[in-house]
Amino acid sequence: MAKYKVVITDYEYKSLQIEQDVLDQLDIEFITSAQCKTEEEVIELARDADAILNQYAPITEKVIQNLNNCKVISRYGVGVNTIDLDAATRKGIVVANCTDYCIDEVADHALALLLASTRKVSLLDAYIKRGVWEYKRAIPIYRLREKVLGLVGFGKIPQNLSLKAKALGLQVKAYDPFITSEIASKYEVELVDLDTLCRTSDFISVHVPLTPKTQGLISTKQFSEMKREAIIINTSRGPLIDEQAMITALQSSRIAGAALDVLEHEPIKSDNPLLEMEQVILNPHVAWYSEESERELKGKVAQNIVDVLSGFYPRYLANASVKSSLTLKERSS
């Protein structure tokens with residue numbers, strides 16, 4: 001019998017060989033047969049597991065209370081909104097993620113959505129495929145240079161995006177109460193409050209983690225302050241934007257458009273009004289992806305588990321306060 005049992009709650013990858021290769025550093029039984037969607041399914045699968053790999057399945061307080069041996073929960077991605085961090089910390093369970101695997105990819109995708117929206121690339125493509133060869137269907141199109149990109153959040157991804165946007169002649173502003181003026185100055189970005197960002201930006205790109213405090217951060221008030229020519233871009237998490245407020249703003253021409261890689265409910269429901277809007281670009285939560293970033297993600301989240309089961313804190317520790325109840329070692333590098 002293997003020394004440790006590691007389960008994966010759910011996944012959408014073709015292969016788990018990278019994870020298996022990393023976990024093989026230890027005597028681990030890796031259970032890969034489940035695709036959990038409910039709390040009950042996770043509990044049944046993971047009740048006696050030493051570690052959990054998680055993608056979308058809910059790791060709620062109820063689930064955590066029923067974990068008898070779990071030492072670490074490692075999540076595919078930057079966000080840990082599928083996991084009740086407080087409940088895990090109270091039970092002395094390490095929560096880990098991967099905060100640096102897709103910085104270029106998401107920044108590039110946000111910029112691609114911005115360019116596609118302002119140049120109306122997708123709209124014109126759709127018309128041509130319907131037999132309409134006419135640029136006037138896309139009027140108005142505005143010059144990009146000197147327009148203002150407003151970044152909601154200014155962590156690693158939006159910092160990366162700001163450099164690329166400035167190379168195109170965009171002015172960049174950011175709202176982030178946790179970022180110092182020294183960091184903003186390094187990137188030549190103006191720090192402003194959220195109201196100012198909404199009023200003065202031509203493009204608004206959302207880059208904050210989803211928490212109870214940030215859910216619905218962009219809602220009716222924010223849309224009412226935006227320019228009528230404004231386009232909102234989201235490559236972070238769908239619930240950061242109040243979707244019904246956004247739909248109302250789009251239907252009333254309060255804003256000019258939206259480019260969304262993420263939505264409140266994924267996959268999108270067939271009756272969602274966004275599907276019928278020409279001024280909206282929709283993608284299937286793909287901004288994180290490249291062949292390179294997927295390999296990096298899979299290896300790093302598996303290594304988080306190996307680290308903890310080997311007696312170390314993982315490189316990507318999401319609940320640092322758990323250290324008060326654990327005696328794991330810090331890695332030297």
Side-chain angles (χ1 to χ4, degrees), residues 10-12 35-38 55-58 76-79 81-82 102 105-106 109-130 132 137-138 150 152-153 157 194 198 201-289:
D10 59 309
Y11 62 96
E12 56 186 9
Q35 288 289 359
C36 302
K37 296 186 182 299
T38 68
Q55 189 167 25
Y56 299 123
Y76 290 104
V78 177
N81 50 289
T82 60
C102 62
E105 285 80 0
V106 178
H109 205 87
L111 185 58
L113 291 173
L114 187 158
L115 290 168
S117 297
T118 192
R119 296 302 308 174
K120 302 189 179 175
V121 174
S122 299
L123 177 64
L124 290 167
D125 172 73
Y127 272 120
I128 289 174
K129 289 174 179 175
R130 296 202 298 266
V132 180
R137 297 295 181 114
V152 181
I157 290 169
L194 184 57
C198 290
S201 297
D202 300 287
F203 309 99
I204 296 171
S205 191
V206 181
H207 300 276
V208 295
L210 178 60
T211 69
K213 290 183 178 180
T214 60
Q215 183 167 347
L217 180 65
I218 307 298
S219 191
T220 302
K221 179 178 184 294
Q222 287 71 42
F223 286 116
S224 71
E225 294 175 340
M226 293 180 191
K227 298 179 180 180
R228 290 194 176 273
E229 300 82 10
I231 294 170
I232 189 157
I233 300 158
N234 192 3
T235 53
S236 188
R237 288 291 185 272
L240 295 167
I241 297 177
D242 179 339
E243 195 164 288
Q244 186 52 58
M246 178 174 60
I247 289 169
T248 299
L250 289 162
Q251 289 174 331
S252 64
S253 298
R254 177 57 257 175
I255 62 172
L260 310 168
D261 183 54
V262 289
L263 295 159
E264 275 191 5
H265 302 284
E266 297 175 4
I268 191 170
K269 296 180 180 179
S270 60
D271 61 350
N272 192 313
L274 294 170
L275 290 167
E276 305 300 323
M277 297 183 184
E278 287 188 335
Q279 73 273 42
V280 174
I281 296 174
L282 299 171
N283 278 186
H285 201 146
V286 69
W288 65 273
Y289 170 74

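Predicted model, so just to flag it, every value in this text is computed and none were measured.
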So, R228 side chain and S253 main chain: donor-acceptor pair closer than 3.5 Å or not? yes
Side chain to side chain contact (heavy atoms under 4.5 Å, CB included) between E278 and Y127: does it pass, once the steps are laid out? CA-CA 10 Å; E278 287 188 335; Y127 272 120; 2.8 Å; yes
Correct closest heavy-atom pair for K227 and S201 would be CD-O, 3.7 Å
Checking D10 now: which residues fulfil side chain to side chain donor-acceptor pair (under 3.5 Å) with it, not counting sequence neighbours? none
Would you compute the distance between atom CE of M277 and atom CG of L123 and round it to the nearest 0.5 angstrom? 14.5 Å
Measuring from S117:OG to I232:CD1, what's the distance to the nearest 0.5 Å? 11.5 Å
How long is the gap from CG on D125 to CZ on R130, to the nearest 0.5 Å? 10.0 Å
Flag the pair L263 / L274 as yes when at least one side-chain heavy-atom distance between them is below 4.5 Å, and no otherwise. yes
Looking at T235, I233, V152, which one forms a side-chain contact (heavy atoms from CB on, under 4.5 Å) with H207? T235
Side chains of L115 and V121: does their closest heavy-atom pair fall under 4.5 Å? no
S219 backbone acceptor or donor facing Q222 side chain under 3.5 Å: yes
Hits for side-chain contact (heavy atoms from CB on, under 4.5 Å) against T38, two or more places apart or cross-chain, chain-then-number order -> E40, E41
Sub-3.5 Å donor-acceptor pair from the side chain of T214 to the main-chain atoms of L217, do we have one? no
Chi angles and distances behind the salt bridge (Lys or Arg N to Asp or Glu O under 4.0 Å) call for E243, K269: CA-CA 13 Å; E243 195 164 288; K269 296 180 180 179; over 6 Å; no
Can you confirm if the NZ or CZ of R254 lies within 45° of the ring axis of F223 and under 6.0 Å from the centre of its six-membered ring? no
How many angstroms lie between atom CG of D261 and atom CZ of R237, to the nearest 0.5 angstrom? 10.0 Å
Rounded to the nearest 0.5 Å, what separation is found between the CG atom of N234 and the CG atom of L260? 6.5 Å
Side-chain touch L250/I255, heavy atoms, less than 4.5 angstrom: yes
Hey, does the side chain of T118 reach the backbone of L114 with a donor-acceptor pair shorter than 3.5 angstrom? no
Hey, what do you get for CD (Q55) to CD (Q35), rounding to the nearest 0.5 Å? 8.0 Å
Of all heavy-atom pairs between L113 and A259, which one has the smallest distance, and what is that distance? CB-CB, 3.7 Å
For E12, does the CD atom have more than 12 heavy-atom neighbours from other residues, nucleotides or ligands under 6.0 Å away? yes
V208 backbone acceptor or donor facing S236 side chain under 3.5 Å: yes
What's the shortest heavy-atom distance between A57 and C36, and which atoms? CB-O, 3.4 Å
Please find the pair of heavy atoms, one from C198 and one from I204, that lie closest to each other, and give the distance. CA-CD1, 4.0 Å
Taking atom types as modelled, is there a side-chain donor on N272 or H265 under 3.5 Å from an acceptor on the other? no
Short question: side chain of D242, backbone of I218 - any donor-acceptor pair under 3.5 Å? no
